[in-house]
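Read through the structure below, which is laid out as structure tokens, and then see the notes.
Residue numbers begin at 1 in each chain, while the letters A, B, ... track the order of the sequences. Quick caveat, the model's predicted, so the values are computed rather than measured.
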2 protein chains.
Amino acid sequence: MNQQPPMPHACVREPVTLINAFTVPPEESDRFLVRWKDNARVMAGRPGFIRARMYRSLVDDAELRFINVAEWESGAALDEALANPEWRASLQRVLDDPDLHITPRPVVCQVAVEVNPGDRL
Amino acid sequence: MNQQPPMPHACVREPVTLINAFTVPPEESDRFLVRWKDNARVMAGRPGFIRARMYRSLVDDAELRFINVAEWESGAALDEALANPEWRASLQRVLDDPDLHITPRPVVCQVAVEVNPGDRL
């Protein structure tokens, strides 16, 4: 399974969030998380990385079983990280693992609305 | 379009995150956000609500065009909020709007891995 790097976001100087929703067979969850942590370790060392949270659905058979929400200082920083050979190799190991049958759905976003308790919006 | 309230999570005393990825036709984005803010205003007034961020994809034709990430103090608090008649009515107005053709994909999650800069994981 091959995946090209996402489209460049070099013109985006504001913070961006890479959200990746994964379909993962329940029995492959542990293996997926081990592989993903290898990838996250590389990500966590790149300039402009702010924070990531990998969320797991409370139910095993959810189509969007794992959802990674990773904040970056800018689209440019994300693009540079995505182009890093070590990260690309690490990501390829996740995608090429013959014992993993996952479907990633990456999307690069910006915050449209932030809501805090009691906000009147 | 009808949608039943999600399955109860009353036994979950830890924080949960409701992630809802929406497919939204690009020309309906503004209307969707207006409607969603009405819903978010009700959500923001419920006990146990911590914070929500509505993310918008940088590209118009993404399948997951809008993604709401809403943090709650517990699964029990989320369940109580979801059962609130005002919230349900507000949500129904979003789903029943004849000028909106959206597909929601709600999933209730917990944080499996948190990653900060330089983490060795």
Side-chain angles (χ1 to χ4, degrees), chain A residues 6-7 9 11-12 14 16-21 29 32-34 36-59 62-71 73 75 78 105-121, chain B residues 6-7 9 11-12 14 16-21 29 32-34 36-59 62-71 73 75 78 105-121:
Chain A
M7 296 287 293
H9 314 93
C11 57
V12 182
E14 297 82 31
V16 298
T17 302
L18 173 62
I19 301 182
N20 203 346
S29 294
F32 169 71
L33 273 185
V34 168
W36 183 81
K37 282 181 188 173
D38 287 340
N39 187 242
R41 184 167 44 241
V42 182
M43 176 175 67
R46 305 307 306 163
F49 173 77
I50 297 174
R51 188 181 70 167
R53 282 180 172 170
M54 175 61 93
Y55 294 94
R56 172 168 34 198
S57 164
L58 291 184
V59 296
E63 188 191 354
L64 308 183
R65 171 110 174 88
F66 287 94
I67 303 175
N68 176 33
V69 179
E71 300 170 40
E73 286 178 5
L78 172 61
R105 293 177 196 74
V107 55
V108 179
C109 301
Q110 289 185 295
V111 176
V113 187
E114 174 149 343
V115 187
N116 289 292
D119 276 359
R120 302 303 307 160
L121 295 170
Chain B
M7 296 287 293
H9 314 93
C11 57
V12 182
E14 298 80 32
V16 298
T17 301
L18 173 62
I19 301 181
N20 203 345
S29 294
F32 169 72
L33 272 186
V34 168
W36 183 81
K37 282 182 187 172
D38 286 341
N39 187 243
R41 184 166 46 241
V42 181
M43 178 174 68
R46 304 308 305 163
F49 173 77
I50 296 174
R51 188 181 70 167
R53 282 181 173 170
M54 175 62 93
Y55 294 94
R56 173 168 34 199
S57 164
L58 292 184
V59 296
E63 188 192 355
L64 308 183
R65 171 110 174 87
F66 286 94
I67 303 175
N68 176 33
V69 178
E71 300 170 39
E73 287 178 4
L78 172 61
R105 292 176 196 76
V107 55
V108 179
C109 300
Q110 290 185 295
V111 177
V113 187
E114 175 150 341
V115 187
N116 289 291
D119 276 358
R120 300 304 306 161
L121 295 170

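For the atom pair CD1 of Ile67(A) and OG1 of Thr17(B), the computed distance is 9.5 Å after rounding to the nearest 0.5 Å.
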Side-chain donor-acceptor distances from residues 112-121 of chain B under 3.5 Å, at least two apart:
| residue | atom | partner | partner atom | Å |
| --- | --- | --- | --- | --- |
| Glu114(B) | OE1 | Arg53(A) | NE | 3.0 |
| Asp119(B) | OD2 | Asn116(B) | N | 2.7 |

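At a 4.5 Å heavy-atom cutoff, the contact between Ile50(B) and chain A is made by backbone atoms alone. Only the side chain of Ile19(B) comes within less than 4.5 Å of a heavy atom in chain A; its backbone stays farther off. Looking at Ala70(B), neither its backbone nor its side chain comes within 4.5 Å of chain A, counting heavy atoms on both sides. Using a 4.5 Å cut-off between heavy atoms, Ala62(B) contacts chain A through its side chain alone, with no backbone atom that close. Contacts of Val107(A) with chain B are made by side-chain atoms alone, with heavy-atom separations under 4.5 Å and no backbone atom involved.
At least one side-chain heavy atom of Val69(A) sits less than 4.5 Å from a side-chain heavy atom of Tyr55(B).
Among residues two or more places apart in sequence or in another chain, the ring pair (Phe, Tyr, Trp, His ring centres under 6.0 Å) test is passed with Phe66(B) by Phe32(B).
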